[in-house]
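Note: hydrogens, waters and symmetry copies are ignored here, and every other heavy atom, side chains too, is used. First the proteins, then the strands, lettered A, B, ... as listed; each starts at 1. Since the model is a prediction, treat every value here as computed from it, not as a measurement.
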Number of protein chains: 2
Amino acid sequence: MRLDANGIEVLDRDDCLALMRSVTLGRVVFTDRALPAIEPVHFVFDGDDVIISMPPGSKLASATRGAVVAFEADAFEPGSRSGWSVTVIGEARVVRVATEIERLSRLPLRSWTPRGLGYFIRIRGEYVSGRRIHPTYLEATR
Amino acid sequence: MRLDANGIEVLDRDDCLALMRSVTLGRVVFTDRALPAIEPVHFVFDGDDVIISMPPGSKLASATRGAVVAFEADAFEPGSRSGWSVTVIGEARVVRVATEIERLSRLPLRSWTPRGLGYFIRIRGEYVSGRRIHPTYLEATR
């Protein structure tokens with residue numbers, strides 16, 4: 001097990017993607033008018049790429065076109081002080097090919113907004129990193 | 001109730017801060033070597049400012065010195081398709097005044113890392129925004 005300078009487990013790519021696949025909600029991190037922005041979204045995987053959906057005209061849809069974004073998912077249990085966080089960094093692109101839109105629309109991606117699904121955005125899983133913390137690490141270093 | 005273009009409730013500042021105060025884990029969003037970065041952290045409020053703690057030498061501690069960052073907290077229930085997300089945007093500064101460090105160290109801020117608490121970082125609650133979604137909104141627009 002690889003630990004970082006703060007004693008937190010550093011996860012390899014396969015573990016990162018497996019953990020991320022275990023949840024359905026993540027957060028896309030982007031820049032909106034030169035300021036950091038973050039928005040929770042449902043997502044699915046298409047291979048190692050993250051697929052999200054944005055209503056047309058949303059600031060996320062316009063801000064992420066071709067930009068490099070971060071996409072994060074995590075799960076923490078405050079009681080046991082354990083949890084993990086995984087971040088994918090890659091280019092975000094609106095999917096424009098009709099056959100690909102057709103295929104992606106069959107993936108189990110849900111919308112929480114009344115407007116429903118809009119554009120599909122693909123975030124390339126170029127750089128994947130993640131960390132995990134267990135109560136046992138804390139015990140071991142006390 | 002104010003709804004955005006996608007039919008999601010837009011929260012006022014007081015509601016945002018009240019919801020954020022109901023949780024103890026958030027995510028700081030910053031720029032790390034020109035790339036978007038996000039890191040889950042414990043936090044407490046000091047007035048309307050968010051206080052987080054970072055081990056000395058962590059990339060977050062160096063990347064956020066004087067930078068404008070976003071700090072987000074959220075809670076979602078996939079079953080009921082309800083939830084909220086609140087984001088604070090403001091300047092992040094390492095706390096250097098001894099009396100202030102002394103005071104902040106009495107706040108209920110916990111560390112999940114074996115290294116424990118390090119620098120305190122204050123994120124000014126300059127710009128606060130949040131949104132909330134209820135299943136009833138979805139019903140109403142079906």
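- If you measure heavy-atom distances from A:Ile89 to chain B, the contacts under 4.5 Å come from the side chain alone.
- Only the side chain of B:Leu35 comes within less than 4.5 Å of a heavy atom in chain A; its backbone stays farther off.
- With chain B as partner, the option from A:Ser85, A:Pro40, A:Ala37 having the largest number of non-hydrogen pairs under 4.5 angstrom is A:Pro40.
- Around atom CZ of B:Arg33, no more than 12 heavy atoms belonging to other residues, nucleotides or ligands sit under 6.0 Å away.
- A continuous path of ILVMFWY side-chain contacts below 4.5 Å connects A:Val50 to A:Trp84, so both sit in one hydrophobic cluster.
- For chain A, the option among B:Ser129, B:Ala34, B:Pro36 with the highest count of heavy-atom pairs below 4.5 Å is B:Pro36.
- Atom OH of B:Tyr127 is surrounded by 12 or fewer heavy atoms from other residues, nucleotides or ligands within 6.0 Å.
- Note that OG1 of B:Thr87 is 6.0 Å distant from CD1 of A:Ile38, once rounded to the nearest 0.5 Å.
- Note on B:Val94 and B:Phe45: same hydrophobic cluster, where clusters join Ile, Leu, Val, Met, Phe, Trp and Tyr whose side-chain heavy atoms are under 4.5 Å apart, directly or indirectly.
- For the options A:Asp4, A:Val68, A:Asp74, A:Thr24, heavy-atom pairs under 4.5 Å to chain B are most numerous at A:Asp74.
- For A:Arg96, the CZ atom counts as densely surrounded, since its 6.0 Å shell holds more than 12 non-hydrogen atoms of other residues, nucleotides or ligands.
- Using a 4.5 Å cut-off between heavy atoms, A:Val69 contacts chain B through its backbone alone, with no side-chain atom that close.
- Most heavy-atom pairs under 4.5 Å with chain A: of the set B:Arg27, B:Glu39, B:Arg131, this distinction falls to B:Arg27.
- Residues B:Val29 and A:Ile52 do not share a hydrophobic cluster, clusters being chains of Ile/Leu/Val/Met/Phe/Trp/Tyr side chains in contact below 4.5 Å.
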